Amino acid sequence: MKKLLLLCSALFLYSYCSVAQSSLSVIDINNGMASVANNSTISYTTVISDHITTEIDAENTSNATKYYKLRRFDDVLNTDASAYFCVGGGNCYPPSVFTSPITVTLTPNQTLSSQNLAFLLDLEEGVSPGYSSIRYQIYNVNDLNDVFTFTLKYNDITTSIKESSVLVTSTAGVYPNPTNNKAYINIVSTAEVASVITITNSLGSIVSSKHVTISSGKNNIFLDSENLVSGIYFATITSGNNKIVKKFTVNK
């Protein structure tokens with residue numbers, strides 16, 4: 001009987017451990033291509049009617065071809081806020097869709113970005129910023145134990161005061177919008193802060209990135225948009241733990 005119990009315990013532990021395994025390596029494109037750990041949390045602060053996009057790349061680190069889907073869990077969703085996702089720029093789904101209709105194929109060591117794809121995870125904040133916790137899973141359709149999980153938290157009250165304080169707020173979106181040449185964004189900051197401004201296209205590829213120092217008060221920031229082709233883009237201003245994402249269109 002003891003042997004049987006030990007065997008059952010071993011099988012249980014093996015099954016439990018297998019749940020935590022994943023064949024994927026995941027990075028946050030907008031956060032300087034930072035690695036994302038399995039079961040980790042990415043935190044943001046939002047402002048009124050903000051639109052924040054998290055762009056995720058993934059690599060199949062196994063030695064076999066795998067087939068993946070993305071699914072979303074709205075564990076907590078602020079009133080009037082909406083969450084949705086896109087698989088690449090041309091396949092966006094409404095908030096009522098929780099599992100991607102598209103299955104992504106990755107051969108050994110292949111990435112989403114190598115196929116001009118990315119997972120774009122969107123939150124559109126309501127008129128009153130509040131707490132949201134959105135959990136995502138990238139899972140192997142042929143092995144449900146092969147899953148990568150991470151959570152996006154917005155305005156998490158458990159973060160420190162330093163992390164949750166909003167140094168930079170955007171007073172308006174990108175203008176002119178649409179643009180055919182030069183574009184700008186107005187930013188108001190409560191202190192001088194070093195920031196990174198990146199522009200990504202609808203496929204999640206970074207097309208421009210630069211470091212800027214935002215002064216205390218009002219700032220008029222030029223976006224490197226003159227050489228962009230027609231399409232939809234996202235300007236991301238990253239200042240410490242704060243991110244502001246603004247969508248704009250280039251029409252030439």
Side-chain angles (χ1 to χ4, degrees), residues 20-45 51-73 83-93 99-100 102-123 133-141 143 146-154 156 159 163 194-211 232-247:
Q21 301 301 310
S22 175
S23 57
L24 291 172
S25 171
V26 174
I27 63 170
D28 182 351
I29 294 175
N30 289 132
N31 191 23
M33 310 298 284
S35 296
V36 178
N38 200 359
N39 299 307
S40 65
T41 297
I42 302 173
S43 297
Y44 298 96
T45 55
H51 176 197
I52 292 182
T53 299
T54 303
E55 297 165 272
I56 294 296
D57 194 9
E59 177 185 359
N60 175 11
T61 59
S62 75
N63 57 6
T65 297
K66 308 275 183 166
Y67 305 91
Y68 300 98
K69 282 183 176 289
L70 176 70
R71 57 189 170 199
R72 189 187 86 244
F73 301 87
Y84 61 96
F85 60 83
C86 307
V87 182
N91 304 290
C92 293
Y93 306 101
T99 301
S100 62
I102 290 178
T103 300
V104 176
T105 302
L106 292 179
T107 58
N109 302 314
Q110 188 177 33
T111 63
L112 291 173
S113 58
S114 68
Q115 303 180 67
N116 291 321
L117 292 175
F119 291 135
L120 278 67
L121 318 176
D122 289 87
L123 181 92
S133 180
I134 314 297
R135 181 164 40 98
Y136 288 92
Q137 290 184 337
I138 309 170
Y139 68 96
N140 180 352
V141 297
D143 180 3
D146 181 2
V147 59
F148 192 101
T149 303
F150 58 98
T151 301
L152 305 185
K153 289 189 176 183
Y154 305 85
D156 185 2
T159 58
E163 289 176 333
S195 303
V196 177
I197 297 181
T198 58
I199 298 176
T200 54
N201 61 24
S202 59
L203 297 176
S205 300
I206 296 176
V207 296
S208 173
S209 180
K210 66 179 179 180
H211 293 266
I232 295 173
Y233 295 88
F234 297 91
T236 302
I237 302 98
T238 303
S239 306
N241 293 307
N242 297 319
K243 276 189 180 181
I244 296 174
V245 181
K246 294 297 180 181
K247 181 180 178 181

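Please read all numbers here as calculations on a predicted model, not as lab measurements.
Using the six-membered ring where Trp is involved, His51 and Phe234 have ring planes that are perpendicular, over 60° apart on the 30 and 60° scheme.
Here Phe148 pairs with nothing under the ring pair (Phe, Tyr, Trp, His ring centres under 6.0 Å) rule; sequence neighbours left out. Applying the ring pair (Phe, Tyr, Trp, His ring centres under 6.0 Å) test to Tyr68 and every residue at least two apart in sequence or in another chain returns nothing. With sequence neighbours excluded, the residues forming a ring pair (Phe, Tyr, Trp, His ring centres under 6.0 Å) with Phe85 are Tyr93, listed by chain and number. With sequence neighbours left out, the side-chain contact (heavy atoms from CB on, under 4.5 Å) criterion links Ser114 to Gln110, Thr111. Scanning for side-chain hydrogen bond (donor to acceptor under 3.5 Å, both in side chains) contacts around Asp57 gives Ser113, with sequence neighbours left out. Contacts of Ser62 classified as side-chain hydrogen bond (donor to acceptor under 3.5 Å, both in side chains), with partners at least two apart in sequence or in another chain: Asn60. Taking Lys210 as the reference, Asp224 meet the salt bridge (charged side-chain N to carboxylate O under 4.0 Å, His left out) condition, with sequence neighbours excluded. Evaluation of the side-chain hydrogen bond (donor to acceptor under 3.5 Å, both in side chains) rule for Thr236 yields no partner, not counting sequence neighbours. In this structure Asp143 satisfies the side-chain contact (heavy atoms from CB on, under 4.5 Å) test together with Asn140, Asn145, Asp146, sequence neighbours excluded. Remark: Lys69 engages Thr99, Ser100, Thr103, Tyr139, Val141 in a side-chain contact (heavy atoms from CB on, under 4.5 Å) (not counting sequence neighbours). Remark: Thr105 pairs with Thr65, Tyr67 by the side-chain contact (heavy atoms from CB on, under 4.5 Å) rule, at least two apart or across chains.
Sorted by first and then second residue, the salt bridge (charged side-chain N to carboxylate O under 4.0 Å, His left out) pairs with a member in residues 22-44 read Asp28-Lys243; sequence neighbours excluded.
More than 12 heavy atoms of other shown residues, nucleotides or ligands fall within 6.0 angstrom of atom CD1 in Ile206.
Under the 3.5 Å distance criterion, with hydrogens and angles disregarded, a donor-acceptor pair is assigned to the side chains of Thr54 and Tyr44.
Taking 4.5 Å as the limit, some side-chain heavy atom of Leu152 sits within range of a side-chain heavy atom of Leu121. Residues Phe119 and Val87 form a side-chain contact, since some pair of their non-hydrogen atoms from C-beta on lies under 4.5 Å apart. Using a 4.5 Å cut-off on side-chain heavy atoms (C-beta onward), Lys247 and Ile232 make contact. Within the 4.5 Å cutoff, the side chain of Phe150 has heavy atoms near those of the Ile56 side chain. The closest side-chain heavy-atom distance from Leu106 to Leu24 is below 4.5 Å.
How far OG of Ser43 is from NZ of Lys153: 7.0 Å, rounded to the nearest 0.5 Å. Rounding to the nearest 0.5 Å places CD of Gln137 at 3.5 Å from OG1 of Thr149. The distance from atom CD1 of Ile134 to atom CZ of Phe73, rounded to the nearest 0.5 Å, is 11.5 Å. Here OH of Tyr154 is found 6.5 Å from CD1 of Ile52. Values are rounded to the nearest 0.5 Å.
A donor-acceptor contact shorter than 3.5 Å links the side chain of Thr61 to the backbone of Ser23.
What you find for Cys86 and Asp122 is that their closest heavy atoms are SG-OD1, 4.2 Å. Heavy-atom minimum distance, Asn201 versus Glu55: O-OE2, 4.1 Å. Taking both residues in full, the closest heavy atoms of Thr198 and Ser209 are given as CG2-OG, 3.3 Å, listed atom of the first, atom of the second, then distance.
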